[in-house]
There are 2 protein chains.
Amino acid sequence: MQHAKVVERFEEFLKGRNLKLTSQRRRLLDRVFATHEHFSAEQLYSWLRGEPGDPVSRATVYRTLSLLTEGGFLATLDAGRGELIYEHVLGHEHHDHILCLGCGRIEEFHDEVIEELQRRACEAKGFVLVSHDLRLRGYCKTCQRRQPASKASDRTAT
Amino acid sequence: MQHAKVVERFEEFLKGRNLKLTSQRRRLLDRVFATHEHFSAEQLYSWLRGEPGDPVSRATVYRTLSLLTEGGFLATLDAGRGELIYEHVLGHEHHDHILCLGCGRIEEFHDEVIEELQRRACEAKGFVLVSHDLRLRGYCKTCQRRQPASKASDRTAT
DNA sequence: TTATTTGCAAACCTTTTGCAAGTGA
DNA sequence: TCACTTGCAAAAGGTTTGCAAATAA
């Protein structure tokens, strides 16, 4: 999706909530859609500090990230490292994640059969499904070389 | 699994690590296996304060929960409510969770086909799978009655 | 003009940790 | 005995919030 379109949608979203398009919000939006990486609030804050532009405080970064998430511009992912990870959504198909326990690397994958089975499992319990997330954890090729084979005692919740 | 057997395993586990069986650890173990509910550290701490027995500090609750998790006695679940949720493992088959966004209720389910597809997805990316968790989020039957149908803007990461 | 935003620093919440006193083996 | 544990309170780490000054519309 072209960036102008994203900005337009954001403006509509703000208007619909009687919110203003400030230079900080605009900078956040631009920066977030300038990368395809997964990032944390702190990461984004640090990018913004290091790049030219109107200063943005940490508080505003958090507030705007929430806003973008509510607006469906961003999605969150808890990678189990104590901080929320964000990724942008528009023009980015739904996918699940594989997390490397060694280096923190995040890979994406998608399996339509799994998706369908999830819908059925939910129905069977009488729930209306709103969202889901599936996280696989293990060691990537690089970390498999560094790391001894994982022992049962290293395993976390499955 | 009978409780005596669980205690025996815990003693072995401690012995193997040169750790001692204190009254606090024993109380924690007993309490945790006395329920089939999912609970948080704070919840457990509050149970212990309200019930007769040797006092157990918050710090010890956290330390012992980590110990029990490492030993494979407990599994953790991040239900997305800001705190870790625990459940006991022994005699409890692996399962995934469905979380109610309305009331926080947690249901369990299991699908062997999904499990197999996860293994394959992991292999395809060159990862060695250690663990996984799948969380479906939606509204349970009770909350569907209370709650208006969910709108797209309510949706969180999928 | 004026309701909304921002930045700052303090507050929050869950979890972890340093340290001196206590205790199981 | 003595290494391991506990409790306390302080610290940590990510995130949220109150408030006065700044700003978009």
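All heavy atoms count here, side chains included; hydrogens, waters and symmetry mates do not. In what follows, chains are A, B, ... by sequence order, proteins preceding strands, each numbered from 1.
Atom CD of Glu112(A) is surrounded by more than 12 heavy atoms from other residues, nucleotides or ligands within 6.0 Å. The environment of Arg119(B) atom CZ is dense: over 12 non-hydrogen atoms of other residues, nucleotides or ligands sit within 6.0 angstrom.
Atoms CG (Leu14(A)) and P (dA25(D)) sit 9 Å apart, rounded to a whole Å. Regarding Leu28(A), its CG atom lies at a distance of 9 Å from the P atom of dT6(C), rounded to whole Å. Rounded to whole Å, the distance from CG on Leu67(B) to P on dT15(C) is 17 Å. For the pair Leu21(B) CG and dA25(C) P, the interatomic distance rounds to 6 Å; values are reported in whole Å. Protein atom CZ of Arg27(A) is 10 Å distant from nucleotide atom P of dG7(C), rounded to whole Å. Distance Glu83(B) CD to dC12(C) C1': 14 Å, rounded to the nearest Å. When the C1' atom of dT23(C) is taken as reference, atom CD of Gln24(B) falls 9 Å away, rounded to whole Å. Atom CZ of Arg26(B) is separated from atom P of dT6(D) by 15 Å (rounded to the nearest Å).
In this structure, of dT5(D), dT5(C), dG7(D), it is dG7(D) that holds the atom nearest to the side chain of Thr60(B). Side chain of Ala41(B), nearest nucleotide from dT16(D), dT15(C), dA24(D): dT15(C). Out of dA9(C), dT15(D), dT6(C), the shortest distance to the side chain of Arg25(A) is found at dT6(C). Checked against dT15(C), dT15(D), dT23(D), the side chain of Lys20(A) finds its nearest nucleotide in dT23(D). Nearest to the side chain of Ser57(B), among dA24(D), dC8(D), dG18(D), sits dC8(D). Closest to the Thr22(A) side chain, of the nucleotides dA24(D), dC8(D), dT15(D), is dA24(D).
Here Tyr45(B) and Tyr62(B) keep their ring centres 6.0 angstrom or further from each other.
Between Leu19(B) and Tyr86(B), it is Tyr86(B) whose nearest contact on DNA chain C lies nearer the 5' terminus. Nearer to the 5' terminus of DNA chain C, by closest-nucleotide assignment, is the contact made by Thr64(A) (compared with the other of Thr64(A) and Arg58(B)). Along DNA chain D, the nucleotide nearest to Gly82(A) and the one nearest to Arg63(B) differ in position, and the one closer to the 5' end is contacted by Arg63(B).
Side-chain N or O atoms of Glu108(A) include none that pairs as donor or acceptor with a backbone N or O of His95(A) at under 3.5 Å.
Ring-plane geometry between Phe39(B) and Trp47(B) is classed as tilted, the angle between the planes lying from 30 to 60 degrees on a 0 to 90 degree scale.
The phosphate of dT15(D) has OP1 or OP2 within less than 4.0 Å of a side-chain N or O from Tyr62(A).
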